K.L.:
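Here it is: the structure, laid out below.
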Amino acid sequence: MTQSLTILGSTGSIGSSTLDVVARHPERFRIFALSGHRQTDKLAEQCLSFRPQYAVTADAAQAAELRTHLAAAGCPTEVLHGAQALIDIATAPETHGVMAAIVGAAGLPPTLAAARAGKTIYLANKETLVVSGSLFMQTAEQAGAHILPVDSEHNAIYQVLPPNKGYLKHNGVESIILTASGGPFLHTNLAHFPAITPAQAVKHPNWQMGRKISVDSATMMNKGLELIEAHWLFGCPPEKLETVIHPQSVVHSMVRYTDGSVLAQLGTPDMRTPIAYCLGLPERIASGTAPLDFASLAALTFEAPDYRRFPCLELAYQAMQAGGGVPCVLNAANEIAVAAFLDGRIRFTDIAPVVRHTLEQDISGSHQSLEGLLARDAAARRAATDYVERLG
């Protein structure tokens with residue numbers, strides 16, 4: 001049976017990689033809807049290639065531009081815009097699976113709506129679980145939604161966990177180990193950190209990613225967010241989650257068992273591998289990824305992270321252990337801080353202080369409802385923005 005897909009965030013790196021995999025298997029998949037934020041030209045190209053029923057842009061002006069472009073090319077795709085349109089394409093009865101690849105908290109409402117509608121969700125938006133872990137997992141369970149992790153680390157864990165992915169202790173799991181590349185500044189002198197530029201921070205040594213996630217990798221906040229995501233995805237207590245730096249990005253993550261065994265998933269650093277794994281289940285399908293050449297690997301190395309170099313990782317650990325709505329505040333503050341750094345308004349070394357300051361504020365709000373979480377998110381963004389302005 002052909003699977004109908006909605007891709008939220010199709011113009012980003014995950015969305016583009018998903019379409020690359022889909023194009024290799026036209027007999028298995030068809031695209032029902034695509035959404036993009038700023039890259040209207042790229043979204044137009046995707047619509048012309050895959051002819052989805054719907055395309056969604058951020059605002060009316062972008063929608064008008066895209067509509068004109070597609071009409072001139074004879075493409076029948078209907079163009080919509082706005083937050084409600086994202087929810088509509090994520091919950092439409094015509095779509096079987098939703099690739100949730102919108103970066104940041106903006107991806108939460110449509111992804112939560114897809115869970116409420118009982119869809120199969122290919123989860124690449126880690127902020128969904130960071131911001132609303134308890135609410136999202138409870139909603140998915142009640143609605144019978146199927147959650148498949150697309151992040152390379154969580155996908156690796158999913159692949160090497162026991163077939164019965166119930167409570168970990170009952171399956172002999174001792175701990176979960178997430179690997180991290182360490183980003184572009186793993187060996188940079190700490191004295192040079194204040195002078196790091198946005199152009200340097202977005203040059204990841206192994207992965208091709210968007211600007212925001214590349215900065216998160218440089219600060220290792222990305223790994224911190226992934227720890228919180230793993231906590232919710234696999235029901236793993238915070239004290240059973242480990243992080244190890246692995247600069248080669250060949251071992252994507254590991255599971256440690258009580259008998260002393262450690263199982264790992266290895267592969268070339270290419271997001272098409274976890275995407276193809278999720279889309280193809282229960283089969284394995286071609287992804288287009290180059291095979292891993294063991295003969296060419298000089299060495300695989302591992303080291304413990306240094307919190308002096310990566311204070312954001314420590315802040316994420318603390319937020320995960322605090323629980324409740326604290327991870328929501330962490331994520332909101334980080335998004336504000338990273339945007340300010342990319343705009344040149346604060347230094348690279350100011351990102352962690354902005355997050356720390358925001359976490360220290362008395363920011364209230366329920367974490368058991370979407371409205372409460374969005375209110376907490378908004379309050380955290382205001383607090384972080386105020387502190388950014390003071391730093392500036």
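Please read these numbers as outputs of a predicted model, since none were measured by experiment.
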K.L.:
Could you verify whether a donor N or O on one side chain and an acceptor N or O on the other, from Thr128 and Asn125, lie under 3.5 Å apart?
P.N.:
yes
K.L.:
Apply side-chain contact (heavy atoms from CB on, under 4.5 Å) to residues Met137 and Leu129 and explain how you reach the verdict.
P.N.:
CA-CA 8 Å; Met137 296 304 290; Leu129 283 174; 3.7 Å; yes
K.L.:
Between Phe302 and His246, how do the two ring planes meet: parallel, tilted or perpendicular, split at 30° and 60°?
P.N.:
parallel
K.L.:
Check this for me: Glu141, atom CD, are more than 12 non-hydrogen atoms of other residues, nucleotides or ligands nearer than 6.0 Å?
P.N.:
no
K.L.:
Would you say the side chains of Lys126 and Asn331 form a donor-acceptor pair under 3.5 Å?
P.N.:
no
K.L.:
Checking Arg309 side chain against Thr188 main chain: does a donor-acceptor pair fall under 3.5 Å?
P.N.:
yes
K.L.:
Honestly curious: do Tyr387 and Val215 fall in one hydrophobic cluster under the side-chain, below-4.5 Å linking rule?
P.N.:
yes
K.L.:
I'd like to know if the side chain of Asp343 reaches the main chain of Arg345, judged simply by a donor and an acceptor atom lying under 3.5 Å from each other, with no hydrogens or angles considered.
P.N.:
no
K.L.:
On a heavy-atom basis, which atom in Ala114 and which in Thr91 lie closest, and how many Å separate them?
P.N.:
N-CG2, 4.0 Å
K.L.:
Using the side-chain contact (heavy atoms from CB on, under 4.5 Å) rule, take Val98 and Thr111 through it: C-alpha gap first, then chi angles, then the decisive distance, then the call.
P.N.:
CA-CA 8 Å; Val98 177; Thr111 307; over 6 Å; no
K.L.:
Do Thr179 side-chain atoms and His252 backbone N/O form a donor-acceptor pair below 3.5 Å?
P.N.:
yes
K.L.:
Give, for atom CG of Leu281 and atom CG of Leu148, the distance between the pair rounded to the nearest 0.5 Å.
P.N.:
6.0 Å
K.L.:
Please determine whether side-chain contact (heavy atoms from CB on, under 4.5 Å) holds for the pair Leu315 and Tyr307, giving the CA-CA distance in whole Å, both sets of side-chain angles, and the decisive distance to 0.1 Å.
P.N.:
CA-CA 9 Å; Leu315 291 171; Tyr307 288 153; over 6 Å; no
K.L.:
Indicate the atoms forming the closest heavy-atom contact of Gln361 with Ala383, along with that distance.
P.N.:
CG-CB, 4.3 Å
K.L.:
Are any side-chain N or O atoms of Thr95 and backbone N or O atoms of Ala92, one a donor and one an acceptor, separated by less than 3.5 Å?
P.N.:
no
K.L.:
Keeping Arg272 on the side-chain end and Thr18 on the backbone end, is there a donor-acceptor pair under 3.5 Å?
P.N.:
no
K.L.:
To the closest 0.5 Å, what do you measure between CG (Leu34) and CD (Gln53)?
P.N.:
12.0 Å
K.L.:
As an exercise, state the distance from CH2 of Trp232 to NE2 of His154, rounded to the nearest 0.5 Å.
P.N.:
13.5 Å
K.L.:
Please assess Phe185 against Phe348 for the test ring-ring contact (aromatic ring centres under 6.0 Å, His included), listing each intermediate value before the final yes or no.
P.N.:
CA-CA 11 Å; Phe185 309 124; Phe348 183 78; 5.5 Å; yes
K.L.:
Salt bridge or not between Glu314 and Arg308? Use side-chain N to carboxylate O under 4.0 Å.
P.N.:
no
K.L.:
So, for Pro110 and Ala90, which heavy atoms are closest and what is the spacing to 0.1 Å?
P.N.:
O-CB, 3.6 Å
K.L.:
Can you give me the closest heavy-atom contact between Ala290 and Thr268, atom names plus distance?
P.N.:
O-OG1, 2.8 Å
K.L.:
Could you tell me the separation between the CZ atom of Phe310 and the OG atom of Ser217, rounded to the nearest 0.5 Å?
P.N.:
8.5 Å
K.L.:
Are any of the side-chain heavy atoms of Arg256 and Ile176 separated by less than 4.5 Å?
P.N.:
no
K.L.:
Tell me whether the count of non-hydrogen atoms from other residues, nucleotides or ligands lying under 6.0 Å of CZ in Arg51 goes above 12.
P.N.:
yes
K.L.:
For the pair Asp216 and Lys212, find out whether any cationic side-chain nitrogen is under 4.0 Å from an anionic carboxylate oxygen.
P.N.:
yes
K.L.:
When hydrophobic residues are tied together by side-chain contacts of less than 4.5 Å, even through go-betweens, does Val326 share a cluster with Leu135?
P.N.:
yes
K.L.:
Would you call Val22 and Leu279 a side-chain contact if the rule is heavy atoms closer than 4.5 Å?
P.N.:
yes
K.L.:
If I take atom OG from residue Ser253 and atom CG from residue Leu266, how far apart are they, to the nearest 0.5 angstrom?
P.N.:
10.5 Å
K.L.:
Calculate, to the nearest 0.5 Å, the distance between atoms CE and CG belonging to Met221 and Leu225 respectively.
P.N.:
6.0 Å
K.L.:
Quick one: do the Ser10 and Gln46 side chains pair a donor with an acceptor below 3.5 Å?
P.N.:
yes
K.L.:
Taking Phe50 as the starting point, is it possible to reach Val79 by hopping between hydrophobic residues whose side chains are less than 4.5 Å apart?
P.N.:
yes
K.L.:
Is it true that Asp259 and Ser261 share a donor-acceptor pair across their side chains at a distance under 3.5 Å?
P.N.:
yes
K.L.:
Of all heavy-atom pairs between Pro311 and Ala352, which one has the smallest distance, and what is that distance?
P.N.:
CG-CB, 3.7 Å
K.L.:
Would the distance check show the side chain of Gln62 and the main-chain N or O of His37 forming a donor-acceptor pair, the cut-off being under 3.5 Å?
P.N.:
yes
K.L.:
Checking side-chain polar atoms at under 3.5 Å, does Thr243 have a donor or acceptor matched by the opposite partner on Tyr317?
P.N.:
yes
K.L.:
Which heavy atom in Leu48 sits nearest to a heavy atom in His69, and how many Å separate them?
P.N.:
CD1-NE2, 4.4 Å
K.L.:
Could you tell me whether the side chain of Val262 reaches within less than 4.5 Å of the side chain of Val255, counting heavy atoms only?
P.N.:
no
K.L.:
For the hydrophobic clusters of this structure (ILVMFWY residues joined by side-chain heavy atoms under 4.5 Å, transitively), does one cluster hold both Ile147 and Leu8?
P.N.:
no
K.L.:
Checking the side chain of Gln200 only, and the main-chain atoms of Thr197 only, is there a donor and an acceptor separated by less than 3.5 Å?
P.N.:
yes
K.L.:
Is a side-chain donor-acceptor pair under 3.5 Å present for Ser16 with Lys42?
P.N.:
yes
K.L.:
In plain terms, say whether Asp377 and Arg381 are close enough for a salt bridge, that is, a side-chain N and a carboxylate O under 4.0 Å apart.
P.N.:
yes
K.L.:
Could you walk me through whether Thr258 and Glu174 satisfy the side chain to side chain donor-acceptor pair (under 3.5 Å) test, starting with their C-alpha distance in whole Å, then the side-chain angles of each, then the deciding distance to 0.1 Å, before giving a yes or no?
P.N.:
CA-CA 5 Å; Thr258 52; Glu174 180 64 27; 5.6 Å; no
K.L.:
Met99, Tyr158: one ILVMFWY side-chain cluster at the under-4.5 Å cut-off?
P.N.:
yes
K.L.:
What verdict does the side-chain contact (heavy atoms from CB on, under 4.5 Å) test give for Arg284 and Tyr277, after you've listed the backbone C-alpha separation in whole Å, the side-chain angles of each residue and the deciding distance to 0.1 Å?
P.N.:
CA-CA 6 Å; Arg284 299 257 181 182; Tyr277 175 82; 3.4 Å; yes
K.L.:
Can you find a heavy atom in the side chain of Leu227 that is under 4.5 Å from one in the side chain of His231?
P.N.:
no
K.L.:
Between Gln248 and Ser181, is any pair of side-chain heavy atoms under 4.5 Å apart?
P.N.:
no
K.L.:
I'd like to know if the side chain of Thr77 reaches the main chain of Tyr54, judged simply by a donor and an acceptor atom lying under 3.5 Å from each other, with no hydrogens or angles considered.
P.N.:
no
K.L.:
Verify salt bridge (Lys or Arg N to Asp or Glu O under 4.0 Å) between Arg382 and Asp386, making sure each step is shown before the conclusion.
P.N.:
CA-CA 6 Å; Arg382 288 193 296 271; Asp386 288 345; over 6 Å; no
K.L.:
Verify, without hydrogens or angle tests, whether Ser17 (side chain) and Met271 (backbone) share a donor-acceptor contact under 3.5 angstrom.
P.N.:
no
K.L.:
Clusters formed by hydrophobic residues whose side-chain heavy atoms approach within less than 4.5 Å: which one holds Val103, and what are its other members?
P.N.:
none
K.L.:
State, yes or no, whether a side-chain contact exists between Phe32 and Leu5 at a heavy-atom distance under 4.5 Å.
P.N.:
no
K.L.:
Does any non-hydrogen side-chain atom of Arg28 lie less than 4.5 Å from one of Glu283?
P.N.:
yes
K.L.:
Do the non-hydrogen side-chain atoms of Leu313 and Pro305 ever get within less than 4.5 Å of each other?
P.N.:
yes
K.L.:
When you check the gap from the basic side-chain N to the acidic O, do Glu153 and Lys223 get nearer than 4.0 Å?
P.N.:
yes
K.L.:
Donor-acceptor pair, Thr120 side chain versus Gly97 backbone, under 3.5 Å?
P.N.:
no
